[in-house]
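See below for the structure under consideration.
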Amino acid sequence: MPELPEVETLCRQLRQRVPSAMIKGTFILDSKLGKLDNLKGRGIASVTRLGKRIVLGLDDGRSLEIHLRMTGRLLWQEKPDIGEKPQHSRFILDLTPGRIIIVDPRRFATLSLVADAAKGNAAVDALKPGCPEALKEKGCNRSRSIKSFLMDQSIIGGIGNIYACEILYRAGLNPLRRTADLTSEDWRRVRSAMVEVLSKAVVCRGTSISDWRDLFGCKGEYQKELRVYGREGKKCPHCGGIIQRVRLLGRGTWFCPNCQA
DNA sequence: CCCTATGTTCCCAA
DNA sequence: CTTGGGAACATAGG
């Protein structure tokens, strides 16, 4: 479920609870997550977002990286004895001020302890994608679709299926357009739609279309702003045309054939 | 039973 | 080498 705005929301909320916290213990409830070194007594020094990953920096230089994949959630419990752990709890990080639980029905989420802080990540963050010409340069010799370009985490970090659809709607571009064919003006619109959609979605604390909840169990608000995602057969809010759905890269892809040429 | 699902990775064919 | 399709991972919901 989580794309950049959802992960960013979790990171911001973690930052208001977790700094100067000490790890009391870690409990892996699902062996699929693998094993973890003993982290008891380690402090949390920082919380950063790397694309869709949450990076908890420890006071010994190592980092605990969480990727929530499709259905992973983080839940904060201030007083663990009050909140019983919910169904599908997979991991508990017990801290001095409270605890963080990874809840994940589909069990795709991953957890890893990494030694090197800044690992080689060539991708730009989708909230700070650089200038339009820099994006154009990355796409100009490719025959791939603009949607797959936007969702390629090795090029741009953070965009998933919902926001890719919404960004392309607002940029007025058909998801199947080849990146090599895009003009400078097209790239300018892609860049500006990307930043506008994602920063608005961060302010809205994500899209609660099904089960996304923030660190404290609250829904986001961006589902009210969706123009095309999940709206097959409905009217385009701009031209009144009928929104179409196609399948691209194995994912549902919604767009307005009239507005997105 | 069918289909769908906010992610990633792997294999395969064009 | 590039690209997209499909399956896989595992579970819930329509």
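Here is how names work: the chains are called A, B, and so on, in the same order as the sequence lines, proteins then strands, and each is numbered from 1.
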Looking at [Y] and [X], is any side-chain nitrogen of the basic one under 4.0 Å from a carboxylate oxygen of the acidic one?
X: A/D30; Y: A/R107; answer: yes
X: A/K136; Y: A/D186; answer: no
X: A/D214; Y: A/R73; answer: no

Could you tell me the separation between the [atom1] atom of [X] and the [atom2] atom of [N], rounded to a whole number of Å?
X: A/M151; N: B/dT9; atom1: CE; atom2: C1'; result: 14 Å
X: A/R251; N: C/dG4; atom1: CZ; atom2: C1'; result: 14 Å
X: A/I156; N: B/dT8; atom1: CD1; atom2: P; result: 13 Å
X: A/R73; N: C/dA10; atom1: CZ; atom2: P; result: 21 Å
X: A/K32; N: B/dT8; atom1: NZ; atom2: C1'; result: 11 Å
X: A/Q153; N: B/dT9; atom1: CD; atom2: P; result: 9 Å
X: A/I209; N: B/dG7; atom1: CD1; atom2: P; result: 12 Å
X: A/R177; N: C/dT3; atom1: CZ; atom2: P; result: 17 Å

Check every strand shown and say whether [X] touches a base, only sugar-phosphate, or nothing at a heavy-atom separation below 4.0 Å.
X: A/D104; answer: nothing
X: A/Y229; answer: sugar-phosphate
X: A/S143; answer: sugar-phosphate
X: A/L68; answer: nothing
X: A/G252; answer: sugar-phosphate
X: A/S148; answer: sugar-phosphate

Can a side-chain donor-acceptor contact be found between [Y] and [X] if the only test is distance below 3.5 angstrom?
X: A/N174; Y: A/K147; value: no
X: A/T71; Y: A/D104; value: yes
X: A/E78; Y: A/W76; value: yes

When you match A/L248 and A/R90 each to their closest nucleotide on DNA chain C, which lands nearer the 5' end?
A/L248
Taking for each residue the nucleotide of DNA chain C bearing the nearest heavy atom, is the 5' side occupied by A/Q87 or by A/N141?
A/N141
How far, in whole Å, is C/dG6 from B/dT4 if one measures between their P atoms?
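Here B/dT4 and C/dG6 have their P atoms 11 Å from each other.
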Measuring only the P atom in each nucleotide, how far is C/dA10 from B/dC10? A whole number of Å is fine.
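Roughly 16 Å separates the two P atoms.
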Can you see if the side chain of [X] gets near the phosphate of [N] - specifically, an N or O under 4.0 Å from OP1 or OP2?
X: A/R69; N: C/dC9; result: no
X: A/R247; N: C/dG6; result: no
X: A/T71; N: C/dT11; result: no
X: A/H88; N: C/dA10; result: no
X: A/H67; N: B/dT8; result: yes
X: A/S210; N: C/dA12; result: no
X: A/R178; N: C/dT2; result: no

Examine the base of C/dA12 for any acceptor or donor lying under 3.5 Å from a partner atom in the side chain of A/R106, and report the outcome as yes or no.
no
Looking at the base of C/dA10, is there any donor atom on it, or on the side chain of A/R107, that sits under 3.5 Å from an acceptor on the other one?
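No, no donor-acceptor pair under 3.5 Å.
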Nearest listed nucleotide, side chain of [X], among [options]:
X: A/P105; options: B/dG7, C/dA12, B/dA5; result: C/dA12
X: A/R142; options: B/dG7, C/dA10, C/dT3; result: C/dT3
X: A/K52; options: C/dC9, B/dT8, C/dG4; result: B/dT8
X: A/R245; options: C/dA10, B/dT4, C/dG4; result: B/dT4

Pairing partner (Watson-Crick or G-U wobble, both distances under 3.5 angstrom) of C/dA10:
none
Under 6.0 Å between ring centres, would you say that holds for A/Y163 and A/Y229?
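No: the rings miss the under 6.0 Å criterion.
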Near-parallel close stack of A/F108 and C/dC9 base (under 5.5 Å, under 30°):
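Yes, aromatic ring over the base.
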